[in-house]
Structures are given as C-alpha cells and as structure tokens.
There are 2 protein chains.
Amino acid sequence: MSTPGRGLHGHVLDTLGPAITAGDYPPGSVLRTDELAQHFEVSRSVMREAVRVLESMHLVESRRRVGVRVRPKAEWNVYDPQVIRWRLAGADRPHQLRSLTVLRSAVEPAAAALAAHHATPEQCAELTACALGMVANSRGHQLAGYLFHDVAFHRVILAASGNEMFARLGDVVAEVLTGRTHHDVMFEDPDPAAVTLHVQVAEAVRTGDANRAEQLTREITVGALHELDVLAP
Amino acid sequence: MSTPGRGLHGHVLDTLGPAITAGDYPPGSVLRTDELAQHFEVSRSVMREAVRVLESMHLVESRRRVGVRVRPKAEWNVYDPQVIRWRLAGADRPHQLRSLTVLRSAVEPAAAALAAHHATPEQCAELTACALGMVANSRGHQLAGYLFHDVAFHRVILAASGNEMFARLGDVVAEVLTGRTHHDVMFEDPDPAAVTLHVQVAEAVRTGDANRAEQLTREITVGALHELDVLAP
DNA sequence: GTGATGAATAAGTCTGACTTTTGATCGAGT
DNA sequence: ACTCGATCAAAAGTCAGACTTATTCATCAC
C-alpha cells in the first residue's frame with residue numbers, strides 16, 4: 001500500500017510478516033535463516049536483512065546457534081504501521097479493530113480539545129471542507145468518497161492538535177477507518193448522527209470551543225465503538 | 001538498555017540512530033552506504049542491515065543511484081521504543097517529554113477505567129504492593145526505589161486495562177518516568193499528593209470504581225504535566 | 001526548447017569462505 | 001546415579017569481491 005515491495009527483502013517481508021503476525025509460527029518456534037532463504041529463493045544476505053527488520057519490530061529474536069525465534073505477541077511493536085497493516089489483514093482483524101478503536105476513543109477527544117486551541121485558519125478551513133465532503137457523500141452508497149473525507153477529517157484533527165504523538169496516529173486511524181469500511185459490512189449509508197457530529201466538531205474547533213470539541217469527538221468515538229459491538233461478535 | 005549492541009550492526013545503530021534523531025543529518029541529506037561502512041569500519045553487509053533497520057523505522061529511505069536519504073521528522077515511527085529512547089537521549093528531550101506526557105494524560109485515565117473492570121485479583125494485589133512501595137520510598141531521597149515502584153505501578157495499570165495497545169505503552173511510560181527522574185531535576189522527594197493519588201487509584205481499581213480510577217489517574221497526569229511546566233521552559 | 005540516448009553511479013544481489021557464539025553431548029570423577 | 005567440565009557441532013555473524021540493475025544526469029540530435 002504505502003511501501004510496496006521495494007526490493008527482494010520487501011517481498012519476503014510481505015509474506016513472512018503477515019504469516020508471523022497471523023500466528024502461523026507460534027511464539028517460541030524457531031526459523032532457520034538458511035532454510036527461509038531457500039524457501040523464498042533469495043540469497044542469505046537478503047534473508048538476513050528481512051530478519052533484521054522483523055527483529056526491529058520485536059516480532060522475532062535472532063540468537064546464535066539456535067536460530068530466529070518468534071517472540072510472544074505481547075512484545076511486538078504493535079504501533080508499527082506495518083505491523084498494524086499485517087494484523088488487520090489477518091484473522092483477528094475484529095479483535096485488532098476493537099483495540100485500535102478503544103485507543104482512538106482515548107486519544108481523539110484529547111486531540112480535538114487541543115486542536116480547538118492550536119488549529120490554524122487553514123486547518124479549520126480544511127476541516128470544514130472535509131465535513132462538507134462527508135455530508136455530500138453520506139447518501140447514495142458513496143462509501144469511497146465518504147471514507148476519503150472521513151480519513152482526511154481525523155488526520156487534520158490529529159495534526160492540528162500540535163502534539164507529535166497524536167499526529168502520528170493519523171496513519172493508524174486511517175487504517176482503522178479503511179479496514180472498517182472494506183471488511184466489516186457497511187451496507188447502508190453512514191449513520192446520519194455521526195455525519196452531523198463531524199460537522200459540529202469542525203465548528204467547535206473553528207470557534208475555539210475546546211470542551212465542546214472534546215465532547216462531540218467523544219460521541220463520535222463511542223459511536224464507533226458501539227457500531228463495532230453491533231457488527232462484530 | 002534493553003537491547004545492548006547485539007552484533008556489529010547494533011553498535012552502528014547505537015551511534016547512527018541517535019545522530020539522525022538528534023538532527024545531525026538534516027532531513028533530505030543523503031548518506032552513502034559505502035562511506036558509512038568505512039567510517040564505522042564494518043563490512044557493507046553489516047552496514048546494509050543497519051540501514052534496513054533505520055528504514056523500517058521510517059528514519060531514512062534508501063534509493064538507487066542516490067543513496068540513503070534522511071526522511072522528514074514528521075514521517076518517523078515515533079512510537080518505536082528504540083526511537084523514543086534515542087530521542088530522549090538527545091537535545092530535544094524537554095519537547096519530547098512533553099509530547100509523551102500529553103499522550104499519557106489521554107491514555108492512562110482511560111486505561112485505569114478499564115483496569116477497574118478487568119484487573120485480576122493478582123493485578124490488584126500487585127498494584128497495591130507498588131503503591132505501598134512508592135509510599136515507603138517517598139521520603140529520604142530514595143528516588144531509585146520510588147521510580148522502580150512508580151514504573152511498575154503504571155505498567156500494571158496499562159496491562160490490566162486488557163487493551164493491547166494500552167499495554168504496549170508501558171515501555172513508553174517507563175522511559176518517560178525514567179527520563180524525568182534522571183534528567184529533569186527532582187531534588188526533593190516526590191510530591192506527597194501524587195503518592196496519595198497512586199494509593200487511591202489502587203484502591204479504586206480494586207473496588208471496581210471505574211469513574212473514580214479514571215478521575216484520580218487524570219489528576220496524576222495533569223500533575224505530571226504541571227510539574228513539567230514548572231521544571232521545563 | 002524538447003526529447004531521446006548513453007554513461008556514470010550507488011544501491012541491490014549473490015556466492016563462498018571464514019569466525020564466533022552457544023546449546024548439546026559425552027565422559028571422567030566422585 | 002549424579003554433577004561437573006571438556007569437547008563438538010550447528011547456526012548466526014562477518015567479510016570480501018564480483019556482478020546486476022535501476023536511476024539520474026549530461027550530452028546530443030531534432
């Protein structure tokens with residue numbers, strides 16, 4: 001998606017990463033670099049580079065004389081966008097989607113409150129444009145257009161918060177919204193209440209009403225959580 | 001600290017990572033693999049592995065015929081614990097500490113609320129033990145002992161929330177608390193009010209009072225933010 | 001000025017040999 | 001039979017060198 005298999009080691013990762021995060025190799029199991037290199041038909045150099053990347057994500061741990069051991073799930077760098085993408089593509093997407101949505105419901109209201117104070121006029125304008133775009137695509141099964149503006153809206157909020165850590169969650173939110181739209185069924189048009197809330201958040205941020213922006217955003221996220229409860233086991 | 005130079009490429013990263021995150025190589029500047037390999041007196045294979053790791057952190061971008069280009073700060077994987085450690089060791093530690101503390105103040109109250117519902121008896125006991133440990137080390141300049149229990153306390157809260165994304169912020173919080181103690185001056189003993197709050201949070205979680213746990217934790221984090229305002233420019 | 005051609009460059013890949021660490025095995029001694 | 005220690009072997013780690021490929025830049029024809 002964002003970084004398509006650039007180089008041989010990237011192609012290896014595209015297969016090995018999802019396999020590990022999906023649990024095909026249970027924690028504690030060991031892989032041998034040479035075997036993997038043969039299996040993927042690449043040289044050991046390429047395989048080693050792929051292992052290094054997996055290691056930096058804390059997905060595996062390479063030890064001499066033993067091999068490449070898969071680390072327990074609890075140690076993975078689950079904030080790595082690449083890892084998030086792999087996991088969202090796997091079997092436990094529902095569970096993953098819920099974890100991320102809970103994170104959203106903690107972060108986004110706080111971000112909205114900060115945005116009300118720090119948003120530039122340009123960001124306010126962009127926010128309003130996004131909200132209008134959502135309204136325009138909220139009827140007639142235009143999910144693609146709606147999603148586009150929805151993602152942009154939340155990106156702007158997080159960026160406008162002025163907090164670097166919040167801003168960098170833009171990619172995560174984008175993955176969540178995209179995954180939700182593409183996989184968990186959204187037959188009908190988006191919830192009209194949610195659309196209205198986005199418009200109101202844009203207004204609250206523009207007028208600098210931090211409390212209102214925070215509360216409205218909270219309503220959006222609890223709505224998203226509730227929607228997840230309905231659509232997922 | 002956690003992963004000390006395991007292998008030659010690790011040693012290279014220990015130097016190159018901090019240098020990049022500190023801004024020694026401004027965004028857009030290009031490094032040549034061969035030159036770096038000579039500079040660090042390692043083979044190209046080792047250097048390439050190090051570059052792959054930096055690339056997976058989105059710190060750099062390797063392109064044919066041009067070299068290894070440093071990416072703009074806004075694209076870095078700032079949730080990677082390794083990156084956080086490098087940045088906290090660098091010049092903009094104050095700014096970094098503030099960003100992370102704002103993140104804490106968004107996440108930890110929510111985590112505490114969830115913990116009140118999901119914490120196991122063992123976790124409740126551990127929480128109480130940590131709070132008592134903080135009390136025991138809150139006087140007499142026993143900052144090391146206090147820090148130890150403080151870190152453990154917040155780790156348990158985040159883990160007990162039952163949310164994977166929250167739980168994985170334990171390392172981040174640990175880095176923040178450690179950095180705060182070791183660098184920003186804490187001449188005197190910890191704020192007695194904060195100590196009391198921790199004890200009360202442990203109690204609220206134990207009794208399953210989510211609202212109270214959330215509010216008390218919020219007080220802890222706003223206290224931390226305020227402390228930062230006082231001690232940092 | 002524009003577009004095609006070619007040369008230079010740095011990353012990418014592969015191979016093979018060698019080193020180092022470390023878990024496992026086996027044997028000596030009690 | 002059990003412990004301790006020496007030995008062995010397996011796998012990662014490292015290095016050097018040759019080759020491939022993509023991409024930029026400069027040159028040149030139109």
Side-chain angles (χ1 to χ4, degrees), chain A residues 2-17 19-20 24-72 75-76 82, chain B residues 2-17 19-20 24-72 75-76 82:
Chain A
S2 68
T3 52
R6 60 201 184 308
L8 276 189
H9 90 281
H11 180 254
V12 171
L13 285 173
D14 288 341
T15 306
L16 202 49
I20 294 176
D24 293 357
Y25 304 95
S29 57
V30 288
L31 316 172
R32 258 81 54 103
T33 305
D34 289 15
E35 287 184 9
L36 289 174
Q38 285 184 20
H39 178 266
F40 287 105
E41 297 179 334
V42 295
S43 67
R44 287 190 304 282
S45 336
V46 169
M47 197 60 224
R48 285 180 56 74
E49 289 171 23
V51 169
R52 284 283 172 266
V53 173
L54 294 175
E55 201 174 26
S56 85
M57 297 168 171
H58 276 62
L59 259 48
V60 302
E61 182 183 27
S62 180
R63 295 187 57 174
R64 278 183 148 138
R65 161 70 199 195
V66 45
V68 178
R69 178 181 295 146
V70 177
R71 305 182 80 151
E75 297 177 8
W76 298 350
Q82 180 82 88
Chain B
S2 67
T3 52
R6 60 196 184 312
L8 276 188
H9 88 281
H11 179 254
V12 171
L13 284 173
D14 288 341
T15 307
L16 202 48
I20 293 176
D24 293 358
Y25 304 96
S29 58
V30 289
L31 316 171
R32 258 82 52 112
T33 305
D34 289 14
E35 287 186 8
L36 290 174
Q38 286 185 19
H39 178 264
F40 288 105
E41 297 179 336
V42 296
S43 67
R44 287 191 300 283
S45 332
V46 169
M47 197 59 225
R48 286 181 55 74
E49 289 172 23
V51 169
R52 284 282 172 266
V53 173
L54 295 174
E55 201 174 24
S56 86
M57 296 168 172
H58 276 63
L59 259 48
V60 302
E61 182 183 28
S62 181
R63 296 187 56 177
R64 276 186 153 141
R65 162 67 199 197
V66 44
V68 178
R69 177 182 294 146
V70 178
R71 303 181 80 151
E75 297 176 9
W76 297 350
Q82 181 80 87

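Each chain gets a letter, A, B and so on, in the order the sequences are listed, and its residues count up from 1.
Taking CG of A:Leu8 as the reference point, atom CG of A:Leu13 lies at 11.0 Å (rounded to 0.5 Å). Summarising the geometry, atom CE belonging to A:Met57 is positioned 5.0 Å from atom OG belonging to B:Ser56; distances are rounded to the nearest 0.5 Å.
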For this session: Take B:Val46 and B:Phe40, measure what side-chain contact (heavy atoms from CB on, under 4.5 Å) needs, and give me the verdict at the end.
Result: CA-CA 10 Å; B:Val46 169; B:Phe40 288 105; over 6 Å; no

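Positionally, the nearest nucleotide of DNA chain C for A:Val46 lies more toward the 5' end than for the other of A:Val46 and A:Arg64. Each of A:Arg65 and B:Arg44 was matched to the nucleotide of DNA chain C holding its nearest heavy atom; the match closer to the 5' end belongs to B:Arg44.
Listed nucleotides: D:dA12, C:dG12, C:dC14. Nearest to the side chain of A:Leu8: C:dC14.
Taking side-chain N and O atoms only, A:Arg52 has a distance below 4.0 Å to OP1 or OP2 of D:dG13. Between B:Arg32 and C:dT9, a side-chain N or O to OP1/OP2 separation shorter than 4.0 Å is absent. For A:Arg48, a side-chain nitrogen or oxygen approaches OP1 or OP2 of D:dG13 to under 4.0 Å. Within the 4.0 Å cut-off from OP1 or OP2 of D:dA12, at least one side-chain nitrogen or oxygen of A:Thr33 is found. For D:dG13, neither phosphate oxygen OP1 nor OP2 lies less than 4.0 angstrom from any side-chain nitrogen or oxygen of B:Ser45. Residue B:Arg63 places none of its side-chain N or O atoms closer than 4.0 Å to OP1 or OP2 of C:dA10.
Here the C1' atom of nucleotide C:dC14 and the CZ atom of A:Phe40 are 18 Å apart, to the nearest Å. D:dA22 atom P lies 18 Å from atom CD of B:Glu61, rounded to whole Å. One atom, CG of A:Leu13, and another, C1' of C:dG12, lie 15 Å apart when rounded to the nearest Å. Between A:Gln38 atom CD and C:dC14 atom P there is a gap of 13 Å when expressed in whole angstrom units. Atoms CG (B:Leu54) and C1' (C:dA11) sit 16 Å apart, rounded to a whole Å. In this entry the distance linking CE of B:Met47 with P of C:dA10 reads 15 Å, nearest Å. Rounded to whole angstrom, the span from the CZ atom of A:Arg69 across to the P atom of D:dA12 amounts to 12 Å. One interatomic measurement links the two molecules: CG of B:Asp34 to P of D:dA16, which rounds to 12 Å at whole-angstrom precision.
Residue B:Glu35 forms a side-chain hydrogen bond (donor to acceptor under 3.5 Å, both in side chains) with just one option from B:Arg32, B:Gln38, B:His39, and that option is B:Arg32.
Using a distance-only test at 3.5 Å, with no hydrogens or angles considered, no donor-acceptor pair links the side chain of B:Glu49 to the main chain of A:Arg52.
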